[in-house]
Amino acid sequence: MKALPYIFFVSCIFLLNCSNEQQGDKQAPQQTYEKKALPRKNIDSLTSDEQAAYLHAWAIIKERSQKNFYDTSGYMWQSSVHDSPAVKLPDGSKAYPGMCEHGTTLFLPWHRAELYYLEQILQQTDPDGKITDIKGHTGPSTRNVTIPYWNWLNKPSGRTFPKMFEDTASVLYRPKRFHELDTPLISKDLVAYQVYFLDWLHFGGGPAESPGFGNPEAQVHNPMHNAVGDDMSETTTAALDPIFYSFHCYFDQLYELWLENHSSDQVTSSGYYLRGTQPSSVARPVGYTPPPKGGQTMGQVKNYFDTRAVGYYYEIGKGDSLPSKEFTMQFTKNDKQFGAEEKSLYTKLLEKGGYRPSSDPASLILVKPFVVPEDSVKYAYAFFSPGDGLDTTNYQVDLYLHPGGTAFSVSNTAFKNKYLVQSICIWGKGHKGMSMEGMSMPATVSLEATDEFNSIVALHKKAKWIVTLVVTEREKISGQKLSGKLDLRFANNTKR
Ligand SMILES: [Cu+2]
């Protein structure tokens, strides 16, 4: 199963009102230097001193923002870098914290850079361990603080999340997360398959000419944002939740594993400058050159390929390793998926997690019959153009390929297991306004099913089949009747 779901993704202009406070940071000349790489650990394996240092650093960046909302080394600015393209400063001028990148090849690289800056800022909060924070703690030194990762593929140490995020008195706590989730939501097999067997286009997302979600983003990241809920379910607020950074830290580890298993040469965006305004007190990564027009200070994608040069590496304990490549290989041999086999490849990959596409009543079902061609195809895509009611709601799109005479039904588990081939989750629909410079966003969601289509060609030439798209609203907030269009395209040439 290889798939590339494309999506029109819009971003949000989040205007922060001005106050009488001063802007925290004026840009000074940039400097770069190499530093010792520090381990990023599983949050559950931090020692009590490491926990104390992490919490102390967070308490300090929170206090900075309480004193000066516009302090670029404070919590508010750092969370604004995720989705605040324009901020009006007290003097009336504008500043540009940043914009997250989603639905393109920049998704993983951008979030890597975002974590780098926050980590450097946390390290610099109290290197000598002398400051007393808002929680009344003096020290310890924050010199060696790194962002700990939340391995959301494992059973949580707390009820739903790692314990450190469930302590109600902690600076890391947010009360409105969905604390009753059945986790792990995502299957390790699905993620391992993506890391080992997907090329950059399908893992990292589409390039400037044809942007689109990579599978980890569409099938793992997006449903997880919705599942954690509250702040995390909107792009404008996601980074206000401290769990955001540990959540993304694990995606960054998966990005690193992908780079180890493949090659950074495949990463189509390596020369792109990453948008975001970061404090000049943070040393830029090795190889950094300022962008031609100024303004965006996070550097280029390629500046972050070598994490040790950037200042960190992942400490992966036994319990944190993915299923092996050899084990995962079994999923690639699935050529009978539309014959005797009872489950599609995608269904098998999902099995070990709680995440189940089309598990709620469908909000919209679209069908299109087709005749299976005689020869295998170079590509097969289902395109979904969202219509009424889908511009402001988070939803799920699931793709089924099945024989004529059968029909989708939510309660027919055997049918769903056999014919579900692909899905994509759309989140952050509060997000409106800008799209990335130089990247034109298509207005349709598209789901690739080339391998699955060719499995059907091998077994069922000239038969009548049906493509069904099932749209499920995740929050049922629109109350509107939903509409949309489905198109199926397949051909023998490589051009879509
Ligand atoms: Cu995210």
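Atoms considered below: every heavy atom in the structure, side chains included; atoms not considered: hydrogens, waters and symmetry mates. Whatever order the structure lists ligands and atoms in, that order sets their numbers, starting from 1.
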Looking at D252 and R40, is any side-chain nitrogen of the basic one under 4.0 Å from a carboxylate oxygen of the acidic one?
yes
Cationic N near anionic O, under 4.0 Å, D230 to R177:
no
Below 2.8 Å, can you find an N, O or S atom of H111 next to the Cu ion (ligand 1)?
no
Side-chain H-bond candidate by donor/acceptor type, Y312 with E256, under 3.5 Å
no
Can you tell me if T297 and R284 form a side-chain donor-acceptor pair at under 3.5 Å?
yes
Decide, counting backbone as well as side-chain atoms, whether H248 has an N, O or S atom less than 2.8 Å from the Cu ion (ligand 1).
yes
Please state whether the separation between the Cu ion (ligand 1) and some N/O/S atom of H102 is under 2.8 Å?
no
